[in-house]
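Computed from a predicted model, the values in this text were never measured in an experiment.
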Amino acid sequence: MDARIFLGLFLAVHMLLAVAMPVSDVGAALRAVWLQSLLLVWLVLIALVLLFVQVAMKRVASPSKVMLRVLRSRRKHYAEGAVFLVALAAMMQVYMILKVAIPQFVPFYADPVLADLDAMLLGQDPWRITHAVFGEGATRFLDWFYVTPCLIVTAGMTLWACFAKDRAFSRRSVLAITMCWFIIGNWAALALSSAGPIYMEHFYGNARFADLLLALPPDLTATQTQAYLLQNYGEPGFGKGISAMPSMHNALYLLLIWMVYDRFGNGWQLWLAVAFEGIVFVASVHLGWHYALDALVSAMLVVPIWYVAGRVESWRLPRLTLPQRRARGPDPA
């Protein structure tokens with residue numbers, strides 16, 4: 001089976017599941033599609049600008065003409081990348097619909113267990129460790145890092161996965177990204193239904209993380225986003241839905257580590273990706289989004305997903321059998 005066929009079937013199954021989900025606000029879902037379309041346009045423009053810069057750095061006489069020749073000569077390459085980009089955009093919408101529906105099928109139950117395991121492994125709640133080490137300035141840096149650099153890296157990772165020169169690597173990466181969002185972000189999240197430390201008191205009546213709420217300045221992007229998600233809890237829409245375990249923030253950048261290792265080996269690029277994920281992990285705990293175990297479980301799931309995606313990409317449709325060859329006519333030799 002071709003990886004592209006597998007990707008299409010995998011996405012189609014989850015689309016059917018999303019269609020079956022109860023949608024209370026069709027208008028919100030349509031607005032989400034509109035926002036996703038705008039994001040796609042920006043990603044395509046970024047890709048074109050990067051290509052132009054790459055051509056211009058070679059100091060050719062007419063970068064625009066060379067760029068057009070490159071686009072024509074690699075039209076199959078870019079056409080497949082564009083299809084992958086649209087598929088990932090559709091995947092995100094399906095993922096969000098399924099994510100919002102998780103508590104309807106499995107109400108949040110795992111938070112007390114996850115919090116106790118965190119404290120048992122680290123001696124206390126992990127957020128207390130990070131807040132003892134980092135002051136308000138570092139908190140604001142982590143809040144900024146969890147949004148802006150993560151958005152930039154995610155966009156770059158998406159474009160790299162879709163338009164990489166090595167098409168086998170591209171297919172494997174796009175499939176792995178899709179599998180991570182659905183398997184980790186939907187199915188594992190359904191099995192381990194949890195809201196996260198910041199929502200413990202609201203959903204469980206347990207004030208265990210009340211001090212964390214007080215420690216986070218109210219003007220943080222994280223604090224305002226957490227309030228927005230709670231206000232829109234259960235409603236479909238772009239960027240909505242509450243789910244902690246496993247962490248998709250961590251899962252995505254753990255997958256990036258494997259992608260970088262596959263291309264660059266044990267080089268500086270790998271250690272830069274590791275450092276990036278390390279900051280994301282600290283931020284996810286420090287800001288109350290996740291338990292430390294959320295990242296650990298994500299790491300355990302990303303590895304087999306990357307392996308399976310590689311195996312699927314290496315599959316090929318069977319060649320013509322002897323009877324089929326005969327049906328095509330005699331051998332010209």
Taking [atom1] in [X] as the centre, count heavy atoms belonging to other residues, nucleotides or ligands within less than 6.0 Å. Is the count above 12?
{"X": "Phe264", "atom1": "CZ", "value": "yes"}
{"X": "Phe276", "atom1": "CZ", "value": "yes"}
{"X": "Trp181", "atom1": "CH2", "value": "yes"}

Between the side chain of [X] and the main-chain N/O of [Y], is any donor-acceptor distance below 3.5 Å?
{"X": "His131", "Y": "His286", "answer": "yes"}
{"X": "Thr148", "Y": "Phe145", "answer": "no"}
{"X": "Asn232", "Y": "Tyr228", "answer": "yes"}
{"X": "Thr225", "Y": "Thr221", "answer": "yes"}
{"X": "His290", "Y": "Ser284", "answer": "no"}
{"X": "Arg171", "Y": "Arg4", "answer": "no"}
{"X": "Ser170", "Y": "Asp166", "answer": "no"}

pair [X]-[Y]: side-chain heavy atoms closer than 4.5 Å:
{"X": "Trp160", "Y": "Leu256", "value": "yes"}
{"X": "Val282", "Y": "Leu142", "value": "yes"}
{"X": "Pro217", "Y": "Arg140", "value": "yes"}
{"X": "Met259", "Y": "Phe169", "value": "yes"}
{"X": "Asp294", "Y": "Trp289", "value": "no"}
{"X": "Val13", "Y": "Leu9", "value": "no"}
{"X": "Lys76", "Y": "Glu80", "value": "no"}
{"X": "Tyr233", "Y": "Ile242", "value": "yes"}

Kindly indicate, with the supporting measurements, whether the criterion side-chain hydrogen bond (donor to acceptor under 3.5 Å, both in side chains) is fulfilled by Tyr204 and Asp111. CA-CA 9 Å; Tyr204 296 86; Asp111 290 88; 2.6 Å; yes
With rounding to the nearest 0.5 Å, note down the distance linking [atom1] in [X] to [atom2] in [Y].
{"X": "Met15", "Y": "Leu98", "atom1": "CE", "atom2": "CG", "result": "11.0 Å"}
{"X": "Leu255", "Y": "Leu301", "atom1": "CG", "atom2": "CG", "result": "12.0 Å"}
{"X": "Leu175", "Y": "Leu7", "atom1": "CG", "atom2": "CG", "result": "6.0 Å"}
{"X": "Ile5", "Y": "Phe10", "atom1": "CD1", "atom2": "CZ", "result": "16.0 Å"}
{"X": "Tyr291", "Y": "Leu296", "atom1": "OH", "atom2": "CG", "result": "15.5 Å"}
{"X": "His202", "Y": "Gln226", "atom1": "NE2", "atom2": "CD", "result": "13.0 Å"}

Taking all non-hydrogen atoms of both residues, which atom of Trp306 and which atom of Ala176 are closest, and how far apart? CE3-CB, 3.8 Å
Using distance only, find each side-chain donor-acceptor pair of residues 182-197 under 3.5 Å and give its atom names and separation, not counting sequence neighbours.
residue : atom : partner : partner atom : Å
Asn186  : ND2  : Tyr95   : O            : 3.4
Trp187  : NE1  : His14   : NE2          : 2.9
Ser193  : OG   : Val106  : O            : 2.7
Ser194  : OG   : Leu192  : O            : 3.3
Ser194  : OG   : Met245  : N            : 3.0

With a cut-off of 3.5 Å and sequence neighbours excluded, list every side-chain donor-acceptor pair involving residues 112-125.
residue : atom : partner : partner atom : Å
Asp116  : OD1  : Arg208  : NH1          : 2.6
Asp118  : OD1  : Leu293  : N            : 3.2
Asp118  : OD2  : Ala292  : N            : 2.8
Asp125  : OD1  : Arg208  : NE           : 3.4
Asp125  : OD1  : Arg208  : NH2          : 2.9
Asp125  : OD2  : Arg208  : NE           : 3.3

Between Trp271 and Asn266, does the side-chain hydrogen bond (donor to acceptor under 3.5 Å, both in side chains) criterion hold? Intermediate values first, please. CA-CA 8 Å; Trp271 297 108; Asn266 193 22; 3.0 Å; yes
